[in-house]
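Numbers restart at 1 for each chain; the letters A, B, ... are given by sequence-line order, proteins then strands. On a predicted model such as this, the values are computed, not experimentally measured, just so you know.
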There are 2 protein chains.
Amino acid sequence: MAGSMPVSIADVAKKARVSISTVSRVLNRRQLVNEKTRVRVEQAIRDLGYRPNAFARGLMLRRSEMIGLLLPDLHGEFYSEIIRGANAQARELGYNLVLSSARDGDDSHALLRAMQQRTLLDGVAVMVSELTDRIQEALAGFALPLCVLDAEVDGSPHDSVVIDQRQGAVALMRHVTQRAGWRRIIFVGGHETNVDTIARLEAYLQVLAERDLPLVPGDVYHLDYQYDTAYALAAERVRSWAGPGHGVFAANDEMAAGIVAAATAAGVAVPQELAVVGFDDTRIARMTRPPLTTVRVPMAKMGARAVELLCQRIAEPQRPPTRISLQPELIARESCGAPGVRLRAQA
Amino acid sequence: MAGSMPVSIADVAKKARVSISTVSRVLNRRQLVNEKTRVRVEQAIRDLGYRPNAFARGLMLRRSEMIGLLLPDLHGEFYSEIIRGANAQARELGYNLVLSSARDGDDSHALLRAMQQRTLLDGVAVMVSELTDRIQEALAGFALPLCVLDAEVDGSPHDSVVIDQRQGAVALMRHVTQRAGWRRIIFVGGHETNVDTIARLEAYLQVLAERDLPLVPGDVYHLDYQYDTAYALAAERVRSWAGPGHGVFAANDEMAAGIVAAATAAGVAVPQELAVVGFDDTRIARMTRPPLTTVRVPMAKMGARAVELLCQRIAEPQRPPTRISLQPELIARESCGAPGVRLRAQA
DNA sequence: GGCTGTGTTGAAAGCGGTGTCAAACGGGGG
DNA sequence: CCCCCGTTTGACACCGCTTTCAACACAGCC
């Protein structure tokens, strides 16, 4: 096996009685070297436990086969899925993933650090939670191949992958108004400035208008995406919400689960007396009774496509910027009260 | 700003009318260079948008300031927390994290790849789901600074961070037998070969013996850690499980949640007629009614300590191997039926 | 035999930094 | 005036690899 001192290409060359050029050729372009020589060199490589030095290699080749993934946070299943999809795709394409997270206060710092070591990374995929001017500017001036997740930077020449939140929410609203026959819909969102909540609320308003349903101002709530607060709110209001054709559109599964639990505890039957739908299709959606009708947001796919786009750009830097829009998928389960059709309930 | 061609240290030197040595000194050891010169060089660096090439730098310094994190999988909150803790600690110490996952079939391949590029990584933290001989061997022969998570490799000179699963499970069992007065305990585990399940089952047996409680063979089940299967099992058995002083010890929160739901649906009151406890303290634990008594496993801390250990070893390769054992924390909530004491329920 | 082509190899020039060493400079003391 | 010494600077030798480019051997051809 290998000794403890690092083995260089010169050591291999000496042992195999060839020049370092030949060793290098065996490593990179085997067909250029005579078979007998090649076998001898390969044997020497094995004997010495030689591994090429990636720095030296990268210095010549100007590629590290590493790409960066910069996320706003790493907490929870949401980001976990992005990472998972991105990692799988990166491996598939022969790249490794360098992970970093930039919380809001910290993000410019993280971006700068990522840029600083830019010569070590072949490209970067970035997801930002909010698009401040400073970030916009940093992204626009980015020298490296870049792919932006779930946001678009105006006038930047970069690739991006977005999820059509609005479309998914519209599909959900149409499902509950048409298939399930809801006529009064309570909206429970996250914070008013949250981009996802905004998109879902817009869809809510749009479909209310489409279906000529009245907008009751008191029926729109803004919470914090947490189970507990949704449970508390519902525990208080659920009796006044209940009624035939009444339903709650919660902006995520966690709040929807809280509402289902509170309703059940208060003796309000779901979905008969009050229907409920969620959003995201996290594991929680299948753990309520009845299971939640929700919208699956393809996070893993988003990560994967971003990496794919990024690697394409690395290979072909001059290619015009691409924008991929991913469609969320309606997952119809029992909680919305639609008749029998468990469309993709087992998916 | 920078032109599109890469700017090298020579460009900066020429622009500042100094030698490249001086530029290098400004970059690394500012105090060795005259202030007027330094200002001129710094100006040139800014004007040109110069960034040092990390490959060239690494080639001399033999460090990349990157460490690898190799996990069995990336799915779910469990790994998400490890990654989060590891990333935060790495950032803290000036390192970046390179992520990889090695599913079971694939793991040796991933390990080898990680080793192949070993000259690019300063060290690696590895978590393995099962310790096969092949993996054991690969780890033992690892040439790079290495830290093993949640497992120990016999006779290897490497650092490790483990969680004292057994201890946590014992604490939980003692809590339910002493504080909550359980006298018959149904154990619902994951697969029989799963290391975590094994540790928890051992604790179960140990405390049964301590407390002179009978071991009923039919009361030990092996499922798959999933909500659905636990729900299904409990739906069938819950009436026969119910009784005063009876309780279920599920090996994770998800199965515990399924059992609580099935019991409630069957009209069995939790915890009065059947108490339930889980394990892991995931978000689910606070979403059941009543909330679950469980054991918090400090995943984020494990990730962080592993990175810390790894970086220490990188700095001081000859240091003797360290082993850190992390204690899980008992989280007492209502589902176990212990009188009033909500120890750290709000934590 | 001389010429052209093909297969195989080695010497050497980078790639872009860091570190060593010696030179240049200037000031103070003898 | 010369010597010594501290400060500041530049020349240059690496680090380990890839990649020309030329050399060489040997074949087939005129």
Side-chain angles (χ1 to χ4, degrees), chain A residues 2-3 5-42 44-45 48-66 116-122 143-144, chain B residues 2-3 5-42 44-45 48-66 116-122 143-144:
Chain A
M5 280 307 290
V7 180
S8 88
I9 196 172
D11 300 321
V12 176
K14 189 195 289 180
K15 171 141 190 157
R17 302 188 313 279
V18 294
S19 71
I20 62 170
S21 321
T22 300
V23 179
S24 174
R25 272 190 287 260
V26 170
L27 258 27
N28 303 304
R29 314 229 282 254
R30 332 166 38 95
Q31 71 282 11
L32 286 184
V33 40
N34 181 290
E35 174 159 356
K36 286 191 64 170
T37 317
R38 178 165 60 75
V39 170
R40 210 166 69 237
V41 171
E42 281 165 349
I45 288 175
L48 264 31
Y50 167 72
R51 295 285 163 214
N53 180 312
F55 291 117
R57 193 157 204 277
L59 186 53
M60 277 306 292
L61 265 36
R62 321 190 89 60
R63 355 188 290 113
S64 60
E65 274 142 12
M66 296 218 188
Q116 259 192 332
Q117 49 169 235
R118 69 158 188 253
T119 49
L120 242 184
L121 262 28
D122 295 342
L144 211 50
Chain B
M5 280 309 290
V7 180
S8 86
I9 197 172
D11 300 321
V12 176
K14 189 196 290 183
K15 172 139 187 156
R17 303 189 311 278
V18 295
S19 71
I20 62 169
S21 319
T22 300
V23 179
S24 175
R25 271 190 288 261
V26 170
L27 259 26
N28 303 304
R29 315 229 283 251
R30 332 168 36 95
Q31 70 282 11
L32 286 184
V33 41
N34 179 290
E35 174 159 356
K36 286 192 64 170
T37 316
R38 178 165 61 73
V39 169
R40 210 166 70 237
V41 171
E42 280 166 346
I45 288 175
L48 263 30
Y50 167 71
R51 298 281 164 217
N53 180 314
F55 291 117
R57 195 158 202 277
L59 186 53
M60 277 306 293
L61 266 36
R62 320 190 91 61
R63 353 189 291 114
S64 60
E65 273 142 13
M66 298 219 194
Q116 258 193 331
Q117 48 168 234
R118 71 160 187 252
T119 48
L120 242 184
L121 262 28
D122 294 342
L144 212 49

Given that S8(A) and R25(A) both sit by DNA chain D, which one's nearest nucleotide is further toward the 5' end? S8(A)
Find the distance K14(A):NZ to dG10(C):C1' and express it as a whole number of Å. 17 Å
Whichever of R17(B) and I20(A) has its nearest DNA chain D nucleotide further upstream toward 5': R17(B)
Using a heavy-atom cut-off of under 4.0 Å over every strand shown, decide if V23(A) touches base, sugar-phosphate, or nothing. nothing
How about L27(A) and I45(A): do any of their side-chain heavy atoms sit closer than 4.5 Å? yes
T22(B) side chain N/O closer than 4.0 Å to the phosphate oxygens (OP1, OP2) of dG10(D)? yes
Quick one, M66(B) and L121(A) - any side-chain contact, counting heavy atoms below 4.5 Å? yes
Sub-4.5 Å side-chain heavy-atom contact between L120(A) and E65(B): no
Quick one: does N28(B)'s side chain get under 4.5 Å of R57(B)'s, heavy atoms only? yes
Among dT18(C), dG16(D), dT18(D), find the nucleotide with the atom closest to the side chain of L61(B). dT18(C)
Closest of dT8(D), dG16(D), dT9(C) to the N34(A) side chain is dT9(C)
Side-chain N,O (T37(B)) to OP1/OP2 (dT9(D)) below 4.0 Å: yes
Would you check if R30(B) and V41(B) make a side-chain contact, meaning some heavy-atom pair closer than 4.5 Å? no
Atom-pair distance (CE on M60(A); P on dA12(C)), nearest Å: 17 Å
Closest-nucleotide 5' rank along DNA chain C - winner of S21(B) and F55(B): F55(B)
Interatomic distance, R29(B) CZ vs dT18(C) C1' [rounded to whole Å]: 9 Å
Can you tell me the distance, in whole Å, between the CZ atom of R62(A) and the C1' atom of dG17(C)? 12 Å
Give a yes/no answer on whether the side chain of S24(A) brings an N or O atom under 4.0 Å of OP1 or OP2 in dT18(D). yes
Roughly, in whole Å, what's the span from CZ in R63(A) to P in dT18(D)? 13 Å
Check the distance between dC15(C)'s C1' and D11(B)'s CG and give it to me in whole angstrom. 13 Å
Would you mind reading off the distance between L59(A) atom CG and dT18(D) atom C1', rounded to a whole angstrom? 10 Å
Return whichever of V18(A) or N28(B) has its heavy-atom-nearest nucleotide of DNA chain C closer to the 5' end. V18(A)
How long is the line joining CD1 of I9(B) and P of dA11(D), in whole Å? 14 Å
